[in-house]
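Working notes, structure below.
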Amino acid sequence: MENSQSPRTIIFQICSVIGQIMAILSTFDPQTTPNPHLLPIKELISLLSLLANNIPLAQDPSLTQLCLEKIELNGQKYPAHLCKGKSDSYKAYSATTGMGAEGPTSSPAQTSPTQTAAVTTIPPSPNYEHEIPIASLQTIINKFVLERDWTKFHTPRNVALALVGEIGELAEIFQWKGDAADSSLSFEDDELTHIGQELADVTIYALRLATLTNCNLD
């Protein structure tokens, strides 16, 4: 979708919506079930619309495909057998996985035959040729979380803070780019990859937050 606004203006809009979500969640008592009438449904839908329609992605305009690719990458960074029940950074497993922030940086360390089998038999993500429903993407994200026993870490307020961290990483790419319209901007290939990955991270956390707050996005 073409947009005459500068990417930074759109980033400001996204941050504004996330701020509204944070304001709502700040009123939640972490020990009780939130009032369903106070859930940030409208704000989450607005956020996902902004993400899907406005950020320049250049090489791949499919937001769901970007998310699926990032989930597959995260599966390599966070193998379930290594990080089950843990909240460590991917860096804690890099010596075994050989994975950096955006992909492989080195060969995996030598492991025992059992460990090697566990590392190399991680099934790849399905190859989706077309857009998939948001509900299907949420199911894939939820399965990823369950396989790693991360539900105990995924409270609405925790995931909201993670969402803020990810939009900060996306904003960092654009902070010195100026306020030119999309057509006036140029990006290196590694920047385009970075934009896609950070956009996917923001979307994944937004969808996870929607699941946790029982927000129906249909």
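Judged as a ring pair (Phe, Tyr, Trp, His ring centres under 6.0 Å), and not counting sequence neighbours, Y93 has no contacts.
Shown here for L48 and A206, the closest heavy-atom pair between the two residues is CD2-CB, 4.1 Å. Between I14 and I167, the closest heavy-atom pair is CG2-CD1, 3.6 Å. When all heavy atoms of L44 and A210 are compared, the closest pair comes out as CD1-CA, 3.8 Å. Across all non-hydrogen atoms, the minimal contact from Q197 to K70 is O-NZ, 3.9 Å. Shortest non-hydrogen contact noted between K77 and T97 is O-CG2, 4.4 Å. Here the shortest heavy-atom pairing between I173 and E198 reads CD1-CG, 4.1 Å.
Listed for the T155 side chain is a donor-acceptor partner under 3.5 Å among the backbone atoms of N158. Judged purely by atom type and a 3.5 angstrom limit, T203 uses its side chain to pair as donor or acceptor with the backbone of L199. Judged by distance alone, the side chain of S26 and the main-chain N or O of A23 form a donor-acceptor pair under 3.5 Å. Of the possible polar contacts, one joining the E191 side chain to the E188 backbone as a donor-acceptor pair under 3.5 Å is found. Side-chain N or O atoms of T213 include none that pairs as donor or acceptor with a backbone N or O of L39 at under 3.5 Å. N142 places a side-chain N or O within donor-acceptor distance of the main-chain N or O of Q138, the cut-off being under 3.5 Å. Using a distance-only test at 3.5 Å, with no hydrogens or angles considered, no donor-acceptor pair links the side chain of R148 to the main chain of G85.
Between atom OG1 of residue T139 and atom CZ of residue F144 there is a gap of 15.0 Å, rounded to the nearest 0.5 Å.
Side-chain contact between D201 and L163 is absent, with no heavy atoms from C-beta onward closer than 4.5 Å. In this structure, P133 and S136 have side chains that are in contact, with non-hydrogen atoms separated by less than 4.5 Å. Residues D88 and C83 have side chains not in contact (no heavy-atom distance under 4.5 Å, counting atoms from C-beta outward). Side-chain contact between I41 and I45: present, with at least one pair of heavy atoms (C-beta onward) separated by less than 4.5 Å.
Dense packing is recorded around CZ of F153, with more than 12 heavy atoms of other residues, nucleotides or ligands lying under 6.0 Å away. Around NZ of K143, the count of heavy atoms belonging to other residues, nucleotides or ligands within 6.0 Å does not exceed 12. The neighbour count for E172 CD, taken as heavy atoms of other residues, nucleotides or ligands under 6.0 Å away, does not exceed 12.
Linking ILVMFWY residues whenever their side-chain heavy atoms come closer than 4.5 Å, directly or via other members, places L161 and W150 in the same cluster.
Classification of the Y78-Y90 ring pair by plane angle, with boundaries at 30° and 60°, yields perpendicular.
Only one option out of L207, T64, I204, I71 pairs with I140 in a side chain to side chain contact (heavy atoms under 4.5 Å, CB included); it is I71.
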